[in-house]
Amino acid sequence: MSTTNGQWYPPEWPERIRLLSAGELTPVTPRRAATVLLLRDGPVGWDGGGGRGGEPAPETPAAAPEATGAPEGAEAPVEGVRDGAGGPGGPAVYMLRRRASMAFAGGAYAYPGGSVDPRDERMVTWAGPSRAQWARRLGLDPGEATQAQAIVCAAVRETFEEAGVLLAGPTPHTVVADTTGDDWEADRAALVARDLSFAEFLDRRGLVLRSDLLGCWARWITPEFEPRRYDTWFFVAALPRGQRTRNASTEADRTVWIRPGDAADGYDRGELLMLPPTIATLRQLRAHGSVAEALAAAADRDLTPVLAQARVENGELVLSWPGHDEFTKHIPGATGGSST
């Protein structure tokens, strides 16, 4: 359901909020998840999977500046990536449209991502900031270094699974230049099917996970009244030089490289459906003129989790996201107590 813009808002939410307010709904514990805002300086256009009329915009190897938005300890310079100037309107971001048949947020535009696999905690060859440094950056307890690795691994794994892009290389200073071909596709499919763990995949290919190519941008937690809940970290990363995205996700029917401002304008016109975290991160990216600027800004981003609050006020249910007033919803006819 949407009003004057493209905010995804399911019709069952008011009733679920009322049940939560009345103490009749027990919140589900959120699963940890990661999603990646893949960025490039260069062309925009439909990437595949049913794009609008005509051929998709041609893709070229994109500039991929070093991810200076990662925690302290990132290494530079990096072979296989280079600095590049942003195009008009800043960098482009890779987005996919969830199939309308999906139970959660069907038809909404999102970024590649998904839940942490318990096997993401398995030891991998690692480059960049330490696991303990990542734990601090992600807002975890000091003893959760292994869990921090799992979140970073999930971000890298899901990007490969859903976009065919891999933030890893044969050495701590290199990045894989090409992930196309039948052998890569077989491994990607095995990862999706969970027949192969990410640690096994990297070990088989002799690859190092490049945690320094990621910068953490935001953290959002699904509202307490949702039956499918996720504690999601949003990362930014540059498309590695030589690699190309492809719609590799069975959950998406369309993908596109688009300027954050253009995507936000489409949302404002009600043309592009999005969840609050998606449009919020797009609005934040709009201020940065290039991939390098966006990655550098990640280091100073506040990662306080954003969790929706529901309360009863003057006979209305008021749904809000702290710090994001544009998403506030007033739902008439509320009864019962309040919940946050």
Side-chain angles (χ1 to χ4, degrees), residues 1-9 34-54 56-59 62-63 69 86-100 102 104-113 155 158-159 162-163 165 215 217-218 220 232 234-239 244-247 249 251-295 297-298 301 306 321 323-327:
M1 183 174 72
S2 176
T3 52
T4 57
N5 57 24
Q7 183 178 343
W8 182 79
Y9 182 76
T35 191
V36 176
L37 286 66
L38 201 59
L39 306 173
R40 76 177 185 189
D41 294 319
V44 297
W46 297 101
D47 195 49
R52 58 191 179 190
E59 288 196 329
V93 59
Y94 183 72
M95 303 189 74
L96 53 85
R97 187 178 68 181
R98 295 171 60 83
R99 293 186 183 276
M102 297 295 293
F104 182 80
Y109 279 82
Y111 313 113
E158 288 283 346
T159 303
E162 297 194 347
V165 170
W217 191 264
W220 288 66
T232 305
F234 287 73
F235 294 87
V236 289
L239 177 69
R244 295 181 63 177
T245 53
R246 64 183 187 276
N247 185 6
S249 173
E251 298 180 354
D253 62 5
R254 178 175 294 183
T255 59
V256 64
W257 282 99
I258 189 170
R259 308 287 181 207
D262 293 338
D265 290 344
Y267 167 91
D268 290 337
R269 292 191 299 267
E271 298 171 357
L272 301 182
L273 192 65
M274 299 179 201
L275 276 70
T278 309
I279 180 59
T281 49
L282 286 171
R283 295 204 196 284
Q284 293 156 359
L285 280 174
R286 195 171 192 166
H288 303 288
S290 68
V291 174
E293 287 183 19
L295 294 175
R301 294 284 307 166
V306 179
W321 279 258
H324 299 272
D325 292 343
E326 72 165 296
F327 305 128

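Source: prediction; values computed, not measured. These values consider heavy atoms only, across backbone and side chains, with no hydrogens, waters or symmetry-generated copies.
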Problem - Ion pair Asp265/Arg286, N-O distance below 4.0 Å - result: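 Looking at Arg286 together with Asp265, the answer is yes, because their closest N to O distance falls below 4.0 Å.
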Sub-4.5 Å side-chain heavy-atom contact between [X] and [Y]:
{"X": "Thr35", "Y": "Trp217", "result": "no"}
{"X": "Arg283", "Y": "Tyr267", "result": "yes"}
{"X": "Val93", "Y": "Leu282", "result": "yes"}
{"X": "Thr255", "Y": "Tyr109", "result": "no"}
{"X": "Trp257", "Y": "Thr245", "result": "yes"}
{"X": "Leu285", "Y": "Leu37", "result": "yes"}
{"X": "Tyr94", "Y": "Leu39", "result": "no"}
{"X": "Val165", "Y": "Arg246", "result": "no"}

Practice task
Please answer whether the main-chain N or O of Val291 pairs with a side-chain N or O of Asp41 as donor and acceptor at a distance below 3.5 Å.
Solution key: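 Flag set: sc Asp41 to bb Val291 pair under 3.5 Å.
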Problem - Heavy-atom donor-acceptor pair, Arg254 side chain to Leu96 backbone, under 3.5 Å - result: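 No.
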Give the minimum heavy-atom separation between [X] and [Y], together with the two atoms involved.
{"X": "Val36", "Y": "Ala237", "answer": "CG1-CB, 4.1 Å"}
{"X": "Ala263", "Y": "Leu272", "answer": "O-CD1, 3.7 Å"}
{"X": "Val236", "Y": "Ala298", "answer": "CG2-CB, 3.9 Å"}
{"X": "Pro91", "Y": "Gly289", "answer": "CD-C, 3.7 Å"}

Measure the [atom1]-[atom2] distance between [X] and [Y] for me, rounded to the nearest 0.5 Å.
{"X": "Thr278", "Y": "Met95", "atom1": "OG1", "atom2": "CE", "value": "5.5 Å"}
{"X": "His288", "Y": "Glu293", "atom1": "NE2", "atom2": "CD", "value": "7.5 Å"}
{"X": "Ile279", "Y": "His324", "atom1": "CD1", "atom2": "NE2", "value": "11.5 Å"}

Practice task
Could you give me the CA-CA distance, side-chain angles and deciding distance for Phe235 and Thr159, then say whether side chain to side chain contact (heavy atoms under 4.5 Å, CB included) is met?
Solution key: CA-CA 11 Å; Phe235 294 87; Thr159 303; over 6 Å; no
